[in-house]
Amino acid sequence: MRPFSYRAPATLAEAVAALADGGPGARPLAGGTSLYDLMKLGVEAPSAVVDIGRLPELAGFDTAGPEELVFGAGASMADVAEDAVLRADYPALAESLAKAASPQVRNMATVGGNLLQRTRCGYFRGGPAFDCAKRRPGSGCAARGGLDRGHAVLGTSDACTAAYPGDWAVALLAFDARLDLYGPRGARTIALADLHRGPADAPHEEHTLGAGELVVRIRVPTAPAGRGSVYHKVRDRESFAFALASAAVALTLDERGRVAHCRVALGGVATRPWRAEAAERAVVGGPLTEEAAVRAGEAAFADARPGAHNAFKVRLGARVVARALRTAAERAAGRAVA
Ligand SMILES: Cc1cc2nc3c(=O)[nH]c(=O)nc-3n(C[C@H](O)[C@H](O)[C@H](O)COP(=O)(O)OP(=O)(O)OC[C@H]3O[C@@H](n4cnc5c(N)ncnc54)[C@H](O)[C@@H]3O)c2cc1C
């Protein structure tokens, strides 16, 4: 491993200054469950590591406010997943964290770090033996024509088909979450939907944060669709594994049982957290019958471009969407769901 400097600032302003001092090779360190992993693999080789794990400005979370839920970027995945308000009123948010990683990882990992974890593509993590435009811009994509079972079918480009691996960002996308950022140029707020970039011809540019800019907190407007929400995740192993296909749905029904509002976001199948607007359009205005849910699932994958080994994700993903829609509708109607 390449030697690196380590600093543990006491305040957000000091952390941003330390990142600026460290230059382009500096990286913030939160729980370390992703960054240290990539450093050991030689994929990341920061010259400076700035520990943001103890910053008071990033700590804690509040789900009791009347207008928004607020999550400090440094709150642990485990603490947020277990929050009683979230589990009752925004089950999709709690489930996305509870179904992510293992209990040990969730205890260490933060909700901010979860958003910015990098892909699990084996060619990306495998080192210089493989072409990977995320690691070496312009070097190609070994997954094309290679082993791409876990890769994306939506939002891919010729340069990269790596899937975005996180669960939490997918659920947040169904709730129009916003992110408060702080960096060398001060504070700003962006929509979570604008954080992650698709690969296009520059897959190494994965997000829209500026150099040395940190996610400080995540804000979610309170929404009646919270109770009618679900995070449905299918993976190779139920104990812990990344999603092969997942769907976050948040919806409300009108007094006649028709879908009034609906958000659908997909994970495991796309290069970034993926909003499935075609699926939303397919169900809004009508009752959420089995047929409507199946149609919506198919609509979500109409533009899919599978590779050699992941065509199964198109059918699987469509079924995941259909199941999530039906579960969310049951929850919105106040009926028990098995
Ligand atoms: C065995 C295993 C299984 C896993 N399974 C899943 C799963 O099923 N679903 C899932 O979603 N995740 C899964 N993960 C990933 C895990 O959730 C992430 O590693 C974790 O959330 C990252 O959080 P962290 O605080 O440890 O981040 P770190 O490792 O400290 O940082 C991750 C990245 O984010 C950057 N960063 C961190 N915080 C900030 C911030 N506030 N502002 C700007 N940049 C920041 C870091 O510089 C780094 O690039 C798994 C991990 C392991 C090891």
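When a ligand or atom number is given, it counts from 1 through the structure's own listing order. As the structure is a prediction and not an experimental result, all values here were calculated from the model. Start at 1 with the first residue, then count along the sequence.
- Contact record, Phe124 with Leu38: CE2-CD2, 4.2 Å, taken as the closest heavy-atom pair.
- In terms of heavy-atom proximity, Thr271 sits nearest to Gly155 at OG1-O, 2.8 Å.
- Shortest contact from atom 26 (O) of ligand 1 to any protein heavy atom: Thr33 OG1, 2.6 Å.
- Of the protein's non-hydrogen atoms, the one nearest atom 7 (C) of ligand 1 is Ala101 N, 3.1 Å.
- For atom 44 (N) of ligand 1, the candidate residues are Leu116, Val170, Leu58; the nearest heavy-atom contact is made by Leu116.
- The closest protein non-hydrogen atom to atom 52 (C) of ligand 1 is Val105 CG2, 4.0 Å.
- Between atom 27 (O) of ligand 1 and the options Ser76, Gly113, Ala15, Ala243, the minimum heavy-atom separation is to Gly113.
- In summary, the atoms of ligand 1 found under 4.0 Å from a heavy atom of Met77, numbered by their order in the structure, are 17 (O), 21 (O).
- Only side-chain heavy atoms of Phe240 come within less than 4.0 Å of ligand 1; its backbone N, CA, C and O stay farther off.
- In this structure, Phe61 and Phe71 have parallel ring planes: the angle between them is below the 30° cut-off, well short of the 60° mark.
- Heavy atoms of Ala30 found under 4.0 angstrom from ligand 1 belong to the backbone as well as the side chain.
- Taking every non-hydrogen atom of Thr110 and a distance limit under 4.0 Å, the qualifying atoms of ligand 1 come out as 21 (O), 23 (O), 24 (P), 25 (O).
- Looking only at heavy atoms of the protein, atom 42 (N) of ligand 1 is closest to Val215 N, 2.9 Å.
- Here is the list of ligand 1 atoms found below 4.0 Å of a heavy atom in Ala73: 41 (N).
- A continuous path of ILVMFWY side-chain contacts below 4.5 Å connects Leu97 to Leu116, so both sit in one hydrophobic cluster.
- Atom 24 (P) of ligand 1 has as its closest protein heavy atom Gly31 N, 3.5 Å.
- By the criterion of a heavy-atom distance under 4.0 Å, the backbone of Ala241, and not its side chain, is placed next to ligand 1.
- Remark: Glu14 does not engage Arg54 in a salt bridge, criterion side-chain N to carboxylate O under 4.0 Å.
- No option in Leu179, Val70, Leu181 other than Val70 meets the side-chain contact (heavy atoms from CB on, under 4.5 Å) test with Arg217.
- Looking at Asp236 and Arg149, a side-chain N of the basic residue comes within less than 4.0 Å of a carboxylate O on the acidic one, giving a salt bridge.
- Residues Asp83 and Thr63 have side chains that bring a donor and an acceptor to within less than 3.5 angstrom of each other.
- Between Asp158 and Arg305, at least one side-chain N (NZ, or NE/NH1/NH2) sits under 4.0 Å from a carboxylate O, which counts as a salt bridge.
- The pair Glu280-Arg275 counts as a salt bridge, with a side-chain nitrogen and a carboxylate oxygen less than 4.0 angstrom apart.
- Checked for salt-bridge contact, Asp180 and Arg188 miss the test: no charged N lies under 4.0 Å from a carboxylate O.
- Using a 4.0 Å cut-off to heavy atoms of Lys233, the atoms of ligand 1 that qualify are 7 (C), 8 (O), 9 (N).
- Residue Ile52 approaches ligand 1 through these ligand atoms, each under 4.0 Å from one of its heavy atoms: 38 (N), 39 (C), 40 (C), 41 (N).
- For atom 48 (C) of ligand 1, the choice among Pro46, Pro28, Ala109 with the nearest heavy atom turns out to be Pro28.
- Close approach to Asn114 involves these atoms of ligand 1, each under 4.0 Å from a residue heavy atom: 10 (C), 11 (O), 12 (N), 17 (O), 21 (O), 22 (C), 23 (O).
- For ligand 1, the atoms lying closer than 4.0 Å to a non-hydrogen atom of Ala100 are 7 (C), 8 (O), 9 (N), 10 (C), 11 (O).
- Shortest contact from atom 14 (N) of ligand 1 to any protein heavy atom: Phe242 CZ, 3.3 Å.
- The shortest heavy-atom distance from Met108 to ligand 1 is not under 4.0 Å.
- In terms of polar-atom proximity, Ser34 is counted as a contact of ligand 1, with an N or O under 3.5 Å from an N or O of the ligand.
- Under the 4.0 Å criterion applied to side-chain N and carboxylate O atoms, Glu44 and Arg27 are assigned as salt-bridge partners.
- Here is the list of ligand 1 atoms found below 4.0 Å of a heavy atom in Gly166: 11 (O).
- Of the protein's non-hydrogen atoms, Gly32 N, 3.5 Å is the one closest to atom 28 (P) of ligand 1.
- Asp21 and Arg7 are joined by a salt bridge, as a carboxylate oxygen and a charged side-chain nitrogen come within less than 4.0 angstrom of each other.
- Taking any N or O of Arg120, backbone or side chain, none lies under 3.5 Å from an N or O belonging to ligand 1.
- Using a 4.0 Å cut-off between charged nitrogen and carboxylate oxygen, Glu68 and Arg219 count as a salt-bridge pair.
- If you check which protein heavy atom lies closest to atom 12 (N) of ligand 1, you get Gln117 NE2, 3.2 Å.
- For Tyr231, the ring-ring contact (aromatic ring centres under 6.0 Å, His included) test picks out no residue, with sequence neighbours left out.
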